[in-house]
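Quick one: the structure is below, questions incoming.
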Amino acid sequence: MVPVWEKANLTLEEAAAYFGIGINKLRDLTNEESCPFVLWNGSKRLIKRKALEKYLETAYSI
């Protein structure tokens with residue numbers, strides 16, 4: 001079993017637990033066409049961990 005912090009792509013549940021963001025908020029963010037940190041596999045969405053980390057750093061840096 002691979003630890004979450006070493007995975008390249010996370011499920012919504014893993015990303016929510018890892019980043020402390022709600023699943024519904026992650027769904028809202030990843031529903032946009034221009035979302036840089038979502039990977040679609042059919043109807044399943046995976047979160048690109050490093051891209052989301054970078055997004056959160058830039059979006060919420062004060």
So Phe19 and Leu26, side chain to side chain contact (heavy atoms under 4.5 Å, CB included) or not? Walk me through it.
CA-CA 10 Å; Phe19 291 106; Leu26 284 172; 5.9 Å; no

With a 4.5 Å limit on heavy-atom distance, are the side chains of Tyr18 and Ile47 in contact?
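Contact flag for Tyr18/Ile47 side chains = no.
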
Is the shortest side-chain heavy-atom distance between Val38 and Leu46 below 4.5 Å?
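They are not in side-chain contact.
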
Side chains of Arg45 and Asn31, heavy atoms from C-beta outward: is any pair under 4.5 Å?
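A side-chain contact under 4.5 Å exists here.
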
Any side-chain heavy-atom pair of Phe37 and Arg49 under 4.5 Å:
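Result no, sub-4.5 Å side-chain heavy-atom pair not found.
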
So which heavy atom on Cys35 is nearest to which on Thr30, and how close?
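Between these two residues, the closest heavy atoms are SG-CA, 3.8 Å.
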
Nearest heavy-atom neighbours spanning Pro36 and Ala51
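Closest pair (atom of Pro36, atom of Ala51, distance): O-CB, 4.0 Å.
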
Linked, directly or transitively: Tyr55 and Val4 (ILVMFWY side chains, under 4.5 Å)
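Same cluster.
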
Say you draw a straight line from CG of Leu29 to NZ of Lys25; how long is it, rounded to the nearest 0.5 Å?
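So the gap between those two atoms works out to 5.0 Å.
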
For Trp5, I'd like to know if atom CH2 has over 12 heavy atoms of other residues, nucleotides or ligands within 6.0 Å.
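Counting neighbours around CH2 of Trp5, 12 or fewer heavy atoms of other residues, nucleotides or ligands fall under 6.0 Å, so no.
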
Side chains of Leu56 and Ile21, heavy atoms from C-beta outward: is any pair under 4.5 Å?
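Side chain of Leu56 against side chain of Ile21, heavy atoms only: contact under 4.5 Å found.
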
What residue among Thr11, Asn9, Leu10 forms side-chain contact (heavy atoms from CB on, under 4.5 Å) with Lys7?
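Of the listed residues Thr11, Asn9, Leu10, the side-chain contact (heavy atoms from CB on, under 4.5 Å) partner of Lys7 is Leu10.
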
